[in-house]
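Read through the structure below, which is laid out as structure tokens, and then see the notes.
Since the structure is predicted, the reported quantities are computational estimates derived from the model, not experimental observations. First the proteins, then the strands, lettered A, B, ... as listed; each starts at 1.
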There are 2 protein chains.
Amino acid sequence: MATPSMEDYLERIYKLIDEKGYARVSDIAEGLEVHPSSVTKMIQKLDKDNYLIYEKYRGLMLTPKGKKMGKRLVERHQLLENFLTIIGVQEDNIYKDVEGIEHHLSWDSITCIETLVEYFRRDPGRTDELLNVRKEIEADN
Amino acid sequence: MATPSMEDYLERIYKLIDEKGYARVSDIAEGLEVHPSSVTKMIQKLDKDNYLIYEKYRGLMLTPKGKKMGKRLVERHQLLENFLTIIGVQEDNIYKDVEGIEHHLSWDSITCIETLVEYFRRDPGRTDELLNVRKEIEADN
DNA sequence: GGGGAAATAAAGCAATGGCTACGCCTAGCA
DNA sequence: TGCTAGGCGTAGCCATTGCTTTATTTCCCC
Ligand SMILES: [Mn+2]
Ligand SMILES: [Mn+2]
Ligand SMILES: [Mn+2]
Ligand SMILES: [Mn+2]
């Protein structure tokens, strides 16, 4: 099982490869705001756990396992951001909250949240009603 | 700021006092599945941070700060369990998920989830519609 | 006052993951 | 073609968190 930090790295790596075609140590480090040496260390761990194949000074390649996991992690992060946005969480809180909770939800929960997001997407009136509930609660104070 | 573990202890302590009138080291230890010595250590930390007043061998008392925080933590935990239940997460996943995410949500997010739960509570038909969405998604596979 | 349960103290361990310092590799320029 | 800057890797260290084990102390009740 991957630790939260491992997931953050894998997510970032997947995204970089997806967007730029490759993932360099320095880009990963910048994205996660850690030092390059920390990235090297973690890459070696991810290699040992078969999420990627790493050749020093040569770069890295995600294995099928790593690709699959990376994709899920990126999608999970996006889903959670969408969820918090829909329910009205302030922009500035969203990223940090998602970074925290994403590692602690079962895939069962993720699926249910997916359904919930779809529920609001299918009928925008529902979002309006949610906002009404909010207003009514606020008015009671 | 309290660490996740501190929050877990505080939550448990508040609950014990609420239900039994007092919180003994052994009860706390049992509830959190740790050794009594771990409890003692954490209690001292919580004392230092003014969440409670601790007299060795004499027990502890929550300060106003500790009471307020404890109450919020217990309510937060309960809210998140309700939320996951409403959206259809399996019983066996709920506790573990909540234990994990509860420490990583801003109070802004908590408030929004509260509103969401209230939204479903006000009209049970909404829950039914959510279930329908779920069934339709499942049927598509 | 003594026995035993409960609580505490002290020491230490393990996992995680970050940083610094320094050394190595290599692409690309001179 | 050789140098070198910047990127990368290694080793060693440190901080945090929170747990355990073991030994000792205290309290409570008989
Ligand atoms: Mn994260
Ligand atoms: Mn993320
Ligand atoms: Mn918890
Ligand atoms: Mn909890």
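At a threshold of 4.0 Å, the pair A:K135-A:E138 does not count as salt-bridged, since none of the basic side-chain nitrogens sits closer than that to a carboxylate oxygen. Of the charged side-chain nitrogens involved, at least one lies within less than 4.0 Å of a carboxylate oxygen, so that A:R122 and B:E136 count as a salt-bridged pair. Electrostatic pairing of B:K15 and B:E19 does not count as a salt bridge here, judged by no charged N lying under 4.0 Å from a carboxylate O.
For B:E99, the salt bridge (charged side-chain N to carboxylate O under 4.0 Å, His left out) criterion is met by no residue, not counting sequence neighbours. Evaluation of the ring-ring contact (aromatic ring centres under 6.0 Å, His included) rule for B:H104 yields A:H104 as partners, not counting sequence neighbours. Partners of B:Y9 under the ring-ring contact (aromatic ring centres under 6.0 Å, His included) rule, at least two apart in sequence or in another chain, do not exist in this structure. Legend: residues meeting side chain to side chain donor-acceptor pair (under 3.5 Å) with A:K56, ordered by chain and number and at least two apart, are absent.
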*For each nucleotide in nucleotides 1-13 of chain D, reading 5' to 3', give B when a protein heavy atom comes within less than 4.0 Å of its base, S when such contact involves only the sugar-phosphate, and - otherwise.*
------BBBB-B-
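For the pair A:D49 (side chain) and A:Y51 (backbone), a donor-acceptor distance under 3.5 Å is absent.
Atom pair B:E99:CD and D:dG18:C1' shows a separation of 15 Å (rounding to whole Å applied). One interatomic measurement links the two molecules: CD of B:E7 to P of D:dT17, which rounds to 13 Å at whole-angstrom precision. Between the NE2 atom of B:H35 and the C1' atom of D:dT22 there is a distance of 12 Å, rounded to whole Å.
The span of DNA chain C lying next to chain B, judged by atoms under 4.0 Å from heavy atoms, is bounded 5' to 3' by C:dA7 to C:dG12.
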